[in-house]
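Here is the structure we will look at.
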Amino acid sequence: MSDVFMNTYHRLPVTFVKGDGVWLTDTNGKKYLDFSSGIAVNCLGHAYPPLVKAISDQAAKINHTCNYFMSDTSMAFAEKLVAACAGAGMKKVFLANSGAEANEGACKLARKYSLVRHGEGRHTIVTLRGSFHGRTITTLSATGQDVLHKDFGPFTEGFVYVPGGDLNALDKALDPNTTAGLLLEAIQGEGGIRIQSQEYLAAAAKLCAERDILFMFDEIQCGLGRTGTFLACEGFGIKPDVVTLAKGLAAGIPAGAFLAGEKAADVLQIGDHGSTFGGNPIAAAAGLVVLETLAKPGFLKEISRKGEKILDILKSLKHPKISGIRGKGLMAGVDLSVEAWPILEAAVSRAQTGLLLLGAGKQTLRLLPPYTITDAELEQGLEILGSLL
Ligand code: PLP
C-alpha cells in the first residue's frame, strides 16, 4: 500500500489491475466477484465493451471544450438524459462531475427559485436524518448525520433535519415563510438502504406543492435503473421538481447532473452557475452508453427480477445472524446481529474467489451489484455471503 495518500479511507489491502463484467483481478491474479459496483458507479460492470469503445472513440476525437461552446456528444447526452427523465417531469439539465456538485447546484437552484418567487428570508433546505448528500461543506451541511459534522465547522447555514417517515415533523419543518426546498433520498444508500414509504413521499410532495417549496430527489445512489425504474421516483409514482444524479451516470467516468421540471427549469440564468469539466465529452460519450443500455427492451425489468431473486435467496438463508433484509431492484441491505466490517474483510480475503461487499452503518451490509450480473454470478456471490456468515 502506498503512503502518499492522505489517510481519509479505511482501505482494504487489495490493489486491482483489471476488470471484466462482474469480475475484478488483483495484482496477484486473484479474482473477486464485485457486489459493490464501486458504490453504485460501475452499473454496467467492468470493461463493458460498448463503453470501452465509446470512451476510446471519443478520446480520439475531442475530450474537452470550455463552456463557451458545445460538443456534439455532450449535446446528444444532455438531450437524451432529459428525454429519459421526461416521465418524471424533468425539462432541463445542468451537467456536473460528481454527486456533491449536483446536490450543491440543486441547493443553489432552490434558493434562487425561492428568492425570485417569494423574496428574502426563505432559504432553508430540509433534509432527512441518516441522509448522505456529499462531502463539500454545503452538502455535508445537508447531510443529516452528526457523526460527519465534527471538526469542519462552521457549516453552511440554513439546513434543517427531520426523521424520515415522520409526517408531523415534516409538516412543521416545511415552514412556508422560511423554506426553499426539501432534499431527500427515496432510498437512503449510505444510511443503510432505508426505504421511504410511498405514502410519506406522496404526502411530502403535496406539502411542497401547496407551499411552493421545491421537492428535490437525490437519486445519486438509487437512480439510473438501480431500483428497476429509470429514476427511483418513478417507482414511487412521484414527480419531483428537481432530481440529482451522479455515480452510475457515466458508469465509471466522473459525471453528475441536476435536472429541473417546469417550475424551476429556467431559474438559473447566465453567470449563475458553472463547472469547468461539467458535460465533459468523454463522460458524455460514456453516459450515452448508459442511457442506450438502460433503454433496451426489458433491461429495467431484469433489474427488478434479479433484485427479487436476491431478496428471495437472502430470506431462504434463514441465517440467525441476519436480522433484517430490505431492498428494491439491485439495491439491498442486510441487517446483521454482528458488526458488518469483519464480514466485509473476510469476504475480500477469502483464499479463493473474493467477494466485494459494502457496509452502511455498523451492522448493515449493502449489496449493489452491476446490472449486468448473471443469475449464476448472483447465486455464487450470495452463497459466499451465506458461508461467511
Ligand atoms: N448523494 C448520495 C445519495 C450519495 O450516495 C453520494 C455518495 O455516496 C453523494 C450524494 C455524493 O456523491 P459524490 O461522492 O460523487 O460527491
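This structure is a prediction, so every number in the text was calculated from the model and none was measured. Keep in mind that the numbers below use all heavy atoms, side chains included, and drop hydrogens, waters and symmetry copies. Indexing begins at 1, ligand by ligand and atom by atom, following the structure's order.
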When you check the side-chain N and O atoms of N97 and N280, is any donor under 3.5 Å from an acceptor?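 No pair is found: no donor N or O on one side chain lies under 3.5 Å from an acceptor on the other.
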Using a 4.0 Å heavy-atom threshold (strictly under), name the region of [X] that reaches ligand 1: side chain, backbone, both or neither.
X: E185; result: side chain
X: T244; result: neither
X: R135; result: neither

Which residue and non-hydrogen atom of the protein lie closest to [atom], and at what distance in Å?
atom: atom 1 (N) of ligand 1; result: D218 OD2, 2.7 Å
atom: atom 15 (O) of ligand 1; result: G99 N, 2.8 Å
atom: atom 16 (O) of ligand 1; result: A100 N, 2.7 Å

Ligand-residue contact atoms, ligand 1 with [X], heavy atoms, under 4.0 Å:
X: H133; result: 1 (N), 10 (C)
X: N103; result: 1 (N), 10 (C)
X: G134; result: 11 (C)

Answer yes or no: does an N/O atom from F132 fall short of 3.5 Å to an N/O atom of ligand 1?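 In this structure, F132 places an N or O atom under 3.5 Å from an N or O of ligand 1.
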Any nitrogen or oxygen of K247, main chain or side chain, under 3.5 Å from a nitrogen or oxygen of ligand 1?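 Yes, there is a polar N/O contact under 3.5 Å.
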Look at [X] together with [Y] and state whether they make a salt bridge at an N to O cut-off of under 4.0 Å.
X: D171; Y: K206; result: no
X: E292; Y: K80; result: yes
X: R305; Y: E308; result: no

Heavy-atom proximity to atom 5 (O) of ligand 1, best of Q188, E104, Q221: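 Comparing heavy atoms across Q188, E104, Q221, the nearest one to atom 5 (O) of ligand 1 lies in Q221.
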Between F236 and K328, is there a cation-pi geometry (under 6.0 Å to ring centre, at most 45° from the normal)?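 Judged by the rule (NZ or CZ under 6.0 Å from the ring centre, within 45° of its axis), K328 counts as positioned above F236.
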Would you kindly confirm whether I220 and L140 end up in one hydrophobic cluster when ILVMFWY residues are joined by side chain heavy atoms under 4.5 Å apart?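 No; tracing contacts between hydrophobic side chains, which count when under 4.5 Å, never links both residues.
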Can you say whether the rings of F94 and F258 are parallel (under 30°), tilted (30 to 60°) or perpendicular (over 60°)?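 Ring orientation of F94 relative to F258: parallel.
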Give the ring-plane orientation class for F277 versus H64, where under 30° counts as parallel, over 60° as perpendicular and anything between as tilted.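 Rings of F277 and H64: perpendicular, over 60°.
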Heavy atom of protein closer than 4.0 angstrom to atom 13 (P) of ligand 1: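 It does: a protein heavy atom is found less than 4.0 Å away from atom 13 (P) of ligand 1.
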Can you check whether G29's main-chain N or O pairs, donor with acceptor, with D26's side chain at less than 3.5 Å?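 Yes, D26 side chain to G29 backbone: donor-acceptor pair under 3.5 Å.
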